[in-house]
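Heads up: the structure comes next, in structure tokens.
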Amino acid sequence: MINKILASLIGVLLHTAIFAQGQRTIKIEPNDTKEDIIEKAAWVVPTANQYAYKKLEFTCFVHFGVNTFTGKEWGDGFEDPKVFNLQNLDTDQWCRAAKDAGMKLVMFTAKHHDGFVLWQSRYTKHGVMSSPYKNGKGDVLKELAASCKKYGLKLGVYLSPADLYQIENKDGLYGNLSKRTERIIPRPVKNRPFKNKTTFKFKVDDYNEYFLNQLFELLTEYGPIHEVWFDGAHPKRKGGQKYNYLAWKELIQTLAPNAVIFGKEDVRWCGNESGATRESEWDVVTFDQNPHKMNLFPDMHGDLGSREKLFDAKYLHYLPGETDTSIREGWFYRDEDQKVRSADDVFDIYERSVGGNSTFLLNIPPNKEGRFSKEDVRVLKEVGERIRETYNNNLLVGAQGESAILDSNEDTYVLGEDGKGVYIITLPKPITLNRFLLQEAIQTHGQRVEEHVLDAWVDNKWQEVVEGTTIGYKKILRFPEVTTNKLRVRILKSRLSPSLSNVSAHYFKPRPPQLVIERNLNGKVTISPKKSDFDWKTDGIDVNKSISKNVIIRYTTNGEIPNENSQIFSDPFFLKSGYVKAKSFEKEQTGGLAEREFGLIKKDWDVKGTYDSEKNIPENAIDADVKTYWNSGSGEPELTIDLKENKTIRGFIYTPPLNFKKGLIEKGVIKISKNGTSWKTVRTFDLGNLINDPKARKVLFDEPVKARYVKIVSIRGAGGSSSATIAEIDILE
């Protein structure tokens, strides 16, 4: 009996000793209880590389390549390298703009799906070495690496496993059915020796050898690499090609020991490309097998780390999320007609992503001149100013309370008890705040907090200001402004003892609002402030105090950007077709530019198309309401519109639905007719990846045409769908 008690005691002590140090990955045993699983989850912590990655917070994506010059989102592998006619590359300008925004790393598409490489690779001629850029001697990555070093930015590389050039080229290596044999990496190339003499032996096929050789180049000849980015997209496959990720990982971890690997067991995709975030973002996620031995990793969606999710796990693993989206419509630059996100929008995503326990990766695609466009740079500069103005000013300086959470030292922290904790902060004089930041000691105690509340002392009593769920590395609470000299943080629910390492209070100076421009079927245009994407918790707080009464909206319809002398919007106005641009003004401040192009008025049109549900009738595609949509169902994937009279048209705008992914038109043709029987094809169009980036796409004709009837025909639907779906079609005059 004594031996059993002693053995039990030793087991408890050993269990405590193991988890007191924290681990990145913890296995769930068959006899673990729910309480055991929650305790294990509380001790899952990041590696040093993952923690350094979390501290990057805001990073820059740069999509650049042949697609920049062809206007495509996805190339096809048949591009002639001569189309990469770059003249005036300025990577210093990229890095200055990124630095101004507060970004800390630049992630560069060294090779996208088309297979065109942007460095002087030894292993292919399909790249800058065959382009006009510097007579084939140019190296975009080399110039970027030098600029990153100059401006104190870290560098990451995106190397697409998919490679359409290696698929389509007759001598291509992708899917060529070669045998797996032992290969030496890097493969020696005459007159191109490596300074780094490290070598590897892997049993791989031709394409994996090619990929490993290129990884070796990237990781040894372009300075320290801090993130390697693997995209899971595959426009086309061939020959049952499989990737040997475990070999890739060994090479990366050896040559770039400080790098994290995106898309695998170091960092995960957030699950969308639109900047959407979760209310509760858990870095402790579940796997059915040991992630360190996995070759393939699925995309993760929905609930990732709730208690209910944990109970079904075989392994618990620390896997932080990265929120990626583009500042423009699409990942690559097309032209200056591409809409650019406003500073309001980017700053909002920054607060929701960085302030929601994920890293924000914002794509800025250089133009054909090799520079970030002026509007993109302007937005980045304003976002950086907002970040610094708001978060470089901690209103709790001089406050009294737990020193460990007020000393701005990430290595100090307080621990609550029984899954709870209460911390009161007293200020020498009242402050006005509308942001509150919290951080857990994730590097030692993992992510534990599940529910928390911020209270303020108002009118001689505690009033709840805002509530939240997870905290993790960083949580930014946003709320209408409140004035107080005393704050209270309450941890209501946690896995084991909750840790808190830092809190700070901030004030974001509101700008004039972002605007939304809409037009009804009768042609009447309205301009109004965009509604907030998140809900306020307003108990005891007067929300109206934070809403300005002095905002003036000015607009133009002649293509010019509105200024202080432009027309003031007061009532809806009629617009036959064309551009509307609008800005909000408040005292000396100006809001972001809102713009929208409208086609012909649709009130009297007729439309024909098949459908399987009364909810998805053809009329939905021309009802001036993007919340409704048409789907062709099991019928022909085409929509025919009768404009009722001949019109001169120069193109169209296709708007996909936001919450329905089936039948999004990736590739199609547009036909016209004057009598509804004889049809002429105007052009074929390719709209790119709409599933992950469901924004409106504009297609212009080479020259204007006259027609009464217009037919949109889907050739290829997203995800292989045979139907067609349209939320709205606008015909441009």
Does any non-hydrogen side-chain atom of F216 lie less than 4.5 Å from one of N196?
yes
Is it true that atom CD of E560 has more than 12 heavy atoms of other residues, nucleotides or ligands lying nearer than 6.0 Å?
no
Among all residues two or more places apart in sequence or in another chain, which pass the salt bridge (charged side-chain N to carboxylate O under 4.0 Å, His left out) test with E273?
none
Could you check whether F652 and F685 have their ring centres less than 6.0 Å apart?
yes
Passes salt bridge (charged side-chain N to carboxylate O under 4.0 Å, His left out), R341 versus E375? Steps please.
CA-CA 9 Å; R341 290 184 185 274; E375 180 62 12; over 6 Å; no
Passes salt bridge (charged side-chain N to carboxylate O under 4.0 Å, His left out), R183 versus E209? Steps please.
CA-CA 7 Å; R183 321 278 177 112; E209 180 195 0; 2.7 Å; yes
Greater than 12 external heavy atoms within 6.0 Å of K238's NZ
yes
Spatial distance of atom CZ (F372) from atom CG (N367) [nearest 0.5 Å]
9.5 Å
Can you tell which of H113, H234, H112, K111 makes a side chain to side chain donor-acceptor pair (under 3.5 Å) with S160?
H113
Within the side chain of Y123, is there an N or O that forms a donor-acceptor pair under 3.5 Å with the backbone of R187?
yes
Above 12 or not: heavy atoms from other molecules or residues under 6.0 Å from NZ of K249?
yes
Out of K195, R122, K142, which one pairs with E221 under the salt bridge (charged side-chain N to carboxylate O under 4.0 Å, His left out) rule?
R122
Using only atom types and a distance under 3.5 Å, with no angle test, would you say the side chain of R328 pairs donor to acceptor with the backbone of N363?
no
If we ignore hydrogens and angles and just use 3.5 Å, is the side chain of N295 paired with the main-chain N or O of Y243 as donor and acceptor?
yes
Any donor and acceptor pair, going by atom type alone, linking the side chain of R268 with main-chain N or O of D266 inside 3.5 Å?
no
Flag if over 12 foreign heavy atoms under 6.0 Å of NZ, K154:
no
Separation between CD1 (I225) and CG (L155), nearest 0.5 Å, reads 4.0 Å
Intermediate values then yes/no, salt bridge (charged side-chain N to carboxylate O under 4.0 Å, His left out), K134 and D139:
CA-CA 9 Å; K134 294 188 176 181; D139 190 323; over 6 Å; no
Candidate pair R371 and D376, rule salt bridge (charged side-chain N to carboxylate O under 4.0 Å, His left out), full reasoning
CA-CA 10 Å; R371 297 173 60 87; D376 305 43; over 6 Å; no
Test salt bridge (charged side-chain N to carboxylate O under 4.0 Å, His left out) applied to D299 - qualifying residues, sequence neighbours left out
none
Rounded to the nearest 0.5 Å, the NZ atom of K264 sits from the CH2 atom of W248 at a distance of 6.0 Å
Within the supplied structure, the quantity of interest is the number of heavy atoms (other residues, nucleotides, ligands) at a distance under 6.0 Å from K661 NZ; does it exceed 12?
yes
Check: T47/N49 side-chain N/O donor and acceptor closer than 3.5 Å
no
Distance-only side-chain donor-acceptor flag, T323 / S353, under 3.5 Å
no
More than 12 non-hydrogen atoms from neighbouring residues, nucleotides or ligands closer than 6.0 Å to NZ on K137, yes or no?
no
Counting only N and O atoms by type, is there a donor-acceptor contact under 3.5 Å from the side chain of T109 to the main-chain atoms of V62?
yes
Short side-chain to backbone donor-acceptor contact, N88 and E369, under 3.5 Å
no
Gap between atom CD of E73 and atom CG of D686 - 0.5 Å precision:
9.0 Å
Tightest non-hydrogen contact, residues S131 and P81, listed as CB-O, 3.4 Å
Y245 versus E265, side-chain donor and acceptor atoms under 3.5 Å:
yes
Between D114 and K72, is the closest basic N to carboxylate O distance under 4.0 Å?
no
Side-chain H-bond candidate by donor/acceptor type, D205 with Q241, under 3.5 Å
yes
Taken to the nearest 0.5 Å, the spacing of M107 CE from L361 CG works out to 6.5 Å
So does G136 get a backbone contact from the side chain of Q120, meaning a donor-acceptor N/O pair under 3.5 Å?
yes
Under 3.5 Å: donor-acceptor pair, side chain of E733, backbone of R650
no
Closest non-hydrogen contact found for E382 with A343 is CD-CB, 3.6 Å
Given L362, I387, D345, the one that forms side-chain contact (heavy atoms from CB on, under 4.5 Å) with Y350
I387
Validation row: F360, V346 side chains within 4.5 angstrom (heavy atoms):
yes
Under the 3.5 angstrom rule, does the side chain of T68 hit a backbone N or O of F64 as a donor-acceptor pair?
no
Just wondering, more than 12 heavy atoms not from K236 lying within 6.0 Å of its NZ?
no
Between N176 and D206, does any side-chain donor sit less than 3.5 Å from a side-chain acceptor?
yes
Between L246 and K293, which heavy-atom pair has the shortest distance, and what is it?
CD1-O, 3.9 Å
Could you pull out the closest heavy-atom pair between Y174 and A162, with the gap in Å?
CE1-CA, 4.5 Å
Quick one: does any side-chain atom of W269 pair with a main-chain N or O of N272 as donor and acceptor, under 3.5 Å?
yes
Contact summary for Y165 and G115, nearest pair of heavy atoms:
CB-CA, 4.2 Å
